Engineer: 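Take this structure, written in structure tokens, and hold onto it; I'll ask about it next.
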Amino acid sequence: MNPATNQAIETFTPLTKDETLEAVKSADQAYQSWRHTSFKERKNAIAKFASLLRERKEEFAELITRDMGKRISESRQEIEFCAEIADFYAENAERFLADVPMEDVDADAYIHYEPIGVLMGVMPWNFPFYQVTRFAAPNIMAGNTVMVKHASNVPQCAEAIEKLFAECGLPDGVYTNLFIPSEFVDAIVSDSRVQGVSLTGSERAGAAVAALAGKNLKRSVLELGGNDPFIVLDDADIQQTVELAVKGRMVNAGQSCVASKRFILLESIADEFIEGFKEAMASMKMGDPMDEETTLAPLSTEGAAQKLQEQVQSTIDAGATVLLGGDRPDREGAYFNPTILTDVTPDMPTFDQELFGPVATVYVVKDETEAIELANRSSYGLGGSVYTRDKERGRKVAEQIETGMMFLNQPTSSQAELPFGGIKNSGYGRELSHLGILEFVNKKLIHLG
Ligand code: NDP
């Protein structure tokens, strides 16, 4: 479905259960030889993946935009970023997985990293190439083989990624796309040939997959939702902070786990910030995501826009004040108006929910202590950011926020070299950086006496 028009583009046939288990068998057979390949061979394939992404950037960017509605310029950035991630692991995997001598022991002992087997990835639609790349590239470099159940609304991307890995010279079964319903994930995770599962998505899906992993004693990594605080202290550069606030909230039409979602303002600068923020949000240009002039794209599906509408309406019904928007425009497609809500209180149903779209909630607090307390009043703990001209003051606030990532004077973002992941209901484990490649390897002790 193209969410900009709500028209169907293409239909795909899902696999049967038997076909799915056949694919697990192939992935396991592939693992038996892939695990013994050299880093050089793996590097050739993953570096080629990066270069083909760059070469065919336009083609893949258009697929993303047609599948889930992202603005075309953001789709291009996503493809470039995937190429960087692939290159990063192609270049560094051997170093990250080199033997580590044990210090502080009176023996010849070291940690030797080995792959563990077939891995299952359950991936979301919001960054359809990036989410898969950050799971697949490090794990294939580590010698594991991977199977991916992508979100049902991005099948064109799912299919293209599988074809691309095949074109890079990866043997059959090293990367497998599975067009399956989520109910089949159970049979895969409980299969003895599968050794781990990584999921990015909602808390609900994460809890379901973590339960399966636990029951079957499989390793898991979960990257779930977030409700990132954006904390503006009284000495921040307000004009610049407003620009960053819009950028932080509106990335991918607001559909990012690390988008800035809760704007926590010290009262002395609140009016100035809100005035600028409202003006900037109101000036977003809604339109066709293929049009370079568009600054606000549709949401990923009609269902997503309806769900957001329900969440926003229930917050308004419970007493929140609408500073901007609050509803959907009168046009075809899964669009939602830029929205700012204030007077949102902890007793309201959406206070602790992720609002996945162009909706900001604004809170005014009297001081830093109250800002920290409010920021931590969340069941999520993914990212967050603090704005101040005083680096030391910012650092002290950042250290007190209960999240996996904190940034000073810039919204949370992701880079190949930086670890990415959360705490609390935002999940566990880390992706990207050297930590990402260590999640699904055997950290084996070799003791030579
Ligand atoms: P889901 O979590 O439902 O989808 C993510 C992936 O998980 C998809 O591949 C989906 O498959 C799969 N999945 C869903 N339920 C299960 C299950 N029980 N067992 C195995 N796999 C499952 O996200 P939604 O698209 O429904 O979005 C709902 C909300 O989740 C958003 O509004 C947002 O708050 C949050 N979200 C957060 C993301 C993030 O980056 N942290 C990304 C996406 C969503 P299928 O598509 O076939 O249902």
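We count ligands from 1, going down the list as the structure has it; atoms in each ligand are counted the same way. This structure is a prediction, so every number in the text was calculated from the model and none was measured.
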Engineer: Is Tyr89 reaching over with its side chain to a backbone N or O of Ser433, donor-acceptor style, under 3.5 angstrom?
Structural biologist: yes

Engineer: For Val148 versus Met120, what's the shortest heavy-atom pair and its separation?
Structural biologist: C-CE, 4.5 Å

Engineer: Identify whether the distance between the nearest side-chain nitrogen and carboxylate oxygen of Arg66 and Glu10 falls below 4.0 Å.
Structural biologist: no

Engineer: Is it the case that the side chain of Arg249 and the backbone of Gly357 share a donor-acceptor pair, with hydrogens and angles ignored and the cut-off at 3.5 Å?
Structural biologist: yes

Engineer: Using a 4.0 Å cut-off on heavy atoms, what residues surround ligand 1? Order them by chain and number.
Structural biologist: Val122, Met123, Pro124, Trp125, Asn126, Gln131, Lys149, His150, Ala151, Ser152, Ser182, Val185, Thr200, Gly201, Ser202, Arg204, Ala205, Ala208, Val209, Leu224, Gly225, Cys257, Lys307, Glu354, Phe356

Engineer: So, Ser426 side chain and Gly381 main chain: donor-acceptor pair closer than 3.5 Å or not?
Structural biologist: yes

Engineer: Would you say the rings of Phe263 and Tyr363 are close, in the sense that their centroids are separated by under 6.0 Å?
Structural biologist: no

